[in-house]
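See structure below.
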Amino acid sequence: MSQNMTPPLPMLIPDTAPFSDEQRAWLNGFFAGLVSLDGAGVTALSSEQASALLAGGPAPAAEDDDGGAPWHDQTLPIGERMQLADSKPLRWKLMAAMAQQDCGQCGYDCRNYSAAIFEGKETRLNLCAPGGKDTARMVKMLAEQIGSVPKAEAAAAPSIDAAPATALPPRGTSRDNPATAKVLSRRKLNKDGSEKETWHIEFDLEEGLAYEAGDSFGLFPGNDPRLVEMVLTTLGAPGDFPIADRTLRAVLTDSVSLSPAPDMLFQLISYITGGDKRKKARALANGEDPDGDAATLDVLAALEKFPGIRPDPEAFVEALDPLQPRLYSISSSPKPIPGRLSLTVDCVRYQIGKRQRLGVCSTGLAERVAPGDTVRVYVQKAHNFALPADPNQPIIMIGPGTGVAPFRAFLHERQAVQAPGKNWLFFGHQRSACDFFYDDELNAMKRSGLLTRLSLAWSRDSGEKIYVQDRMREVGRDLWSWLTEGANIYVCGDAKRMAKDVELALVDIVAQHGARSAAEATAFVSDLKKHGRYQQDVY
């Protein structure tokens, strides 16, 4: 008869710590119960830390400790993030104000952008595109406090992990030194009857530009020429008005954002108007919403809201935010065809009043950029979003809509390297007949055995709306079985709704099929994140 032997407890408390044998044995048992899922990552306490515990006080904190940056979660609204950083030094409050996506659009990650502002190395406070006005306003308010920060705190800020400002990064690895790519083709993924417009776009990369599955692709867009002309007409300025060594039309086309209207524009308008209009402009500049339409005001709508206002073109341009590159999850692997890259892009169009609003980059790729054209691009390396190093490890991928993009890349990668690990994809959209992206590919992968399981959710095929999180719950027992086998789980898509709902479903599955309390299931999922087994690419 075989007997299951309990492995020896890891020794967390060193023999030199000031505890009795009985105390040491109890503490070793206690802390062993708090270690990770697989028992890895156990580090013995130092004598100083153990002494602090014995005295009832906290272990000595590392210099400039961020406490694990609990606000570094893309799914949290800015109010909750700022609460989590409330007791932290100003340097960390600045980080909490960022959008937490580490997307690279600002030229940094969240930690280093906030550090650059705190250290005075970056004066642009409006670079966090995903954070929008909420982040810009919070960063501005916090930046005003930098001069009053005690010297000790200012000295504790870590140095920026980046090259000196004079040294450009390698070509194509940063927005500061973009490369080029040629558009090879584009095809619409939706069939007739769809309410959506989604495109598969292929690029040929310039020599030397490389990427990995899981990375993102940055593109430098241009504003819609029709919108630029409407802004010029409303502004009452000629398109050839000189701005430095360029024209006003050129600057409005590729250098400044025309949506949404920034606070600085309303501040400028308040300087050149009076009466109730000045009060209204000041209110909008302060983040207030006097007429209930602030969320709909792009630059053109802001000018139309204050008819007759004619700001100086140079002052007008200075009041606008910079036009940021757009990032998309790459939907291909470099393994099958090196130098080739693809994107899966939703074309954004929506109506406000009598005017149709357009996504800057998405409609550019769908309408204004033609096969054969060359575009400026760069590769943004993924932050903790990649296939496991062990090709035998199972993976579970959850990506509705364009969230399928990186998982198409993962599957192509695993197919190319003949990885033996199991693969399970959850995909969903509105209608199976017209919104099943890459259906031929995915069904072929399923027939070949590469795609072990394919779970589909359609929200408009029947009276009941079915989403990916619903499918997860239906197969919860099997999903839990995969997790116990060591599967990594990946989520890509909308941070505010889908990603939260998926995580809640996962917690419920762990609680039900893992026989855990709600608190224990939540801790289990948190531990998956800490150990890189739950990875998110959300926006």
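Source: prediction; values computed, not measured.
- No salt bridge links Asp501 with Arg473; every basic N to acidic carboxylate O contact stays at or beyond 4.0 Å.
- The aromatic rings of Phe385 and Tyr490 stand perpendicular to each other, their planes meeting at an angle above 60°, with 30° marking the opposite boundary.
- No donor-acceptor pair under 3.5 Å is formed between the side chain of Arg471 and the backbone N or O of Ile466.
- For the pair Lys381 and Asp215, the salt-bridge criterion is met [side-chain N within less than 4.0 Å of a carboxylate O].
- Each of Lys188, Arg349, Arg186, Lys191 was scored for a salt bridge (charged side-chain N to carboxylate O under 4.0 Å, His left out) with Glu197, with one residue passing: Arg349.
- Nearest heavy atoms, Leu219 versus Pro221: O-CD, 3.3 Å.
- With respect to Glu206 and Arg171, a salt bridge is recorded, a charged nitrogen being found less than 4.0 Å from a carboxylate O.
- By the ring-ring contact (aromatic ring centres under 6.0 Å, His included) test, Tyr539 pairs with no residue at all, sequence neighbours left out.
- Thr173 places no side-chain N or O within donor-acceptor distance of the main-chain N or O of Pro169, the cut-off being under 3.5 Å.
- Ring to ring, Phe437 and His429 are close: their centroids are under 6.0 angstrom apart.
- Among Leu189, Thr344, Val345, the single residue meeting the side-chain contact (heavy atoms from CB on, under 4.5 Å) criterion with Thr402 is Thr344.
- In this structure, the side chains of Lys422 and Glu485 come closer than 4.5 Å at one or more pairs of heavy atoms.
- Between the side chain of Arg368 and the main chain of Gly222, a donor-acceptor pair closer than 3.5 Å is present.
- Between Glu503 and Gln536, some side-chain heavy-atom pair lies under the 4.5 Å cut-off.
- In this structure the side chain of Ser459 never reaches within 4.5 angstrom of the side chain of Arg431, judged on heavy atoms.
- In this structure, Gln418 places its CD atom where only 12 or fewer heavy-atom neighbours from other residues, nucleotides or ligands lie under 6.0 Å away.
- Proximity of Asn488 to Ile396: side-chain heavy atoms (C-beta onward) are nowhere separated by under 4.5 Å.
- Of all heavy-atom pairs between Ser333 and Ala409, the closest is CB-O, 3.6 Å.
- Side-chain contact, His383 with Gln101: no donor N or O sits under 3.5 Å from an acceptor N or O.
- Within 6.0 Å of CG in Asp176 there are more than 12 heavy atoms belonging to other residues, nucleotides or ligands.
- The backbone N or O of Asp293 lies less than 3.5 Å from a partner atom in the side chain of Thr296, making a donor-acceptor pair.
- Centroid-to-centroid, the aromatic rings of Tyr438 and His200 come within less than 6.0 Å.
- Using a cut-off of 4.0 Å between Lys/Arg side-chain N and Asp/Glu carboxylate O, Asp527 and Lys530 are scored as not salt-bridged.
- A salt bridge does not link Arg460 to Glu195: none of the charged side-chain nitrogens sits closer than 4.0 Å to a carboxylate oxygen.
- Atoms CG and CG, from Leu303 and Leu265 in turn, are 6.0 Å apart once rounded to the nearest 0.5 Å.
- Note: Tyr467 and Phe426 fail the aromatic proximity criterion, with ring centroids not under 6.0 Å apart.
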Handout entry: Residues Phe316, Val251; criterion side chain to side chain contact (heavy atoms under 4.5 Å, CB included); working and verdict
Key = CA-CA 11 Å; Phe316 173 70; Val251 171; over 6 Å; no
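- Separation of atoms OG (Ser216) and CG (Asp102) is listed at 11.0 Å; rounding is to 0.5 Å.
- Residues Asp470 and Lys465 are not paired through a salt bridge, judged by the lack of any N-O separation under 4.0 Å between the basic side chain and the carboxylate.
- Shown here is Lys335, whose NZ atom has no more than 12 heavy atoms of other residues, nucleotides or ligands within 6.0 Å.
- Looking only at distances, a side-chain donor or acceptor of Gln100 sits under 3.5 Å from a matching main-chain atom of Met95.
- Listed here is the closest heavy atom pair of Ala85 and Trp71: CB-CE3, 3.8 Å.
- Between the side chain of Ser342 and the main chain of Glu202, no donor-acceptor pair closer than 3.5 Å is present.
- Ring to ring, Phe217 and Tyr211 are not that close: their centroids are 6.0 angstrom or more apart.
- Nearest approach of Ser194 to Asp435, heavy atoms of both residues: OG-OD1, 2.5 Å.
- Between Ile398 and Phe407 the shortest heavy-atom distance is O-CE1, 3.3 Å.
- The number of heavy-atom neighbours closer than 6.0 Å to CD of Gln356, taken from other residues, nucleotides and ligands shown, is above 12.
- The closest side-chain donor-acceptor pair between Thr198 and Asp346 falls under 3.5 angstrom.
- Put simply, CD1 on Ile243 and CZ on Arg246 are 10.5 Å apart, with the number rounded to the nearest 0.5 Å.
- Under the 30°/60° scheme for interplanar angles, the aromatic rings of Trp458 and Phe427 are found to stand perpendicular.
- Sequence neighbours left out, the pairs with a member in residues 216-227 that pass salt bridge (charged side-chain N to carboxylate O under 4.0 Å, His left out) are Asp224-Arg226, Arg226-Glu367.
- Other residues, nucleotides and ligands contribute at most 12 non-hydrogen atoms within 6.0 Å of the CD atom of Glu318.
- Here OG1 of Thr253 is found 9.0 Å from CG of Leu248. Values are rounded to the nearest 0.5 Å.
- Residues Cys128 and Tyr113 form a side-chain contact, since some pair of their non-hydrogen atoms from C-beta on lies under 4.5 Å apart.
- The side-chain heavy atoms of Met98 and Asp109, taken from C-beta on, include no pair separated by under 4.5 Å.
- Using a 4.5 Å heavy-atom cutoff, the side chains of Met138 and Lys93 are not in contact.
- Taking the charged nitrogens against the carboxylate oxygens, Asp373 and Lys182 have no contact shorter than 4.0 Å, which rules out a salt bridge.
- Checking side-chain atoms of Arg326 against main-chain N and O of Cys361 turns up no donor-acceptor pair under 3.5 Å.
- A pairwise comparison of heavy atoms in Arg91 and Ser114 identifies NH1-OG, 3.0 Å as the closest pair.
- To the nearest 0.5 angstrom, Asp321 atom CG is 13.0 Å from Ser255 atom OG.
- Relative to the ring axis of Phe203, Arg340 does not place its NZ or CZ within 45° and under 6.0 Å from the centre.
- A salt bridge links Arg453 to Asp478: at least one charged side-chain nitrogen sits closer than 4.0 Å to a carboxylate oxygen.
- Taking CG from Asp73 and CG from Leu84, the interatomic distance works out to 9.0 Å, rounded to the nearest 0.5 Å.
- In this structure, Ser329 and Ser331 have side chains that are not in contact, with every pair of non-hydrogen atoms separated by 4.5 Å or more.
- Although no hydrogens or angles enter the test, the distance criterion places no donor-acceptor pair under 3.5 Å between the side chain of Gln469 and the main chain of Leu504.
- Judged by distance alone, with hydrogens and angles left aside, the side-chain atoms of Lys133 form a donor-acceptor pair with the main-chain N or O of Ala261 at under 3.5 Å.
- Using a 4.0 Å cut-off between charged nitrogen and carboxylate oxygen, Arg249 and Glu229 count as a salt-bridge pair.
- The residues Arg357 and Asp298 are annotated as salt-bridged, a charged nitrogen and a carboxylate oxygen being separated by less than 4.0 angstrom.
- Using a distance-only test at 3.5 Å, with no hydrogens or angles considered, a donor-acceptor pair links the side chain of Asn223 to the main chain of Leu252.
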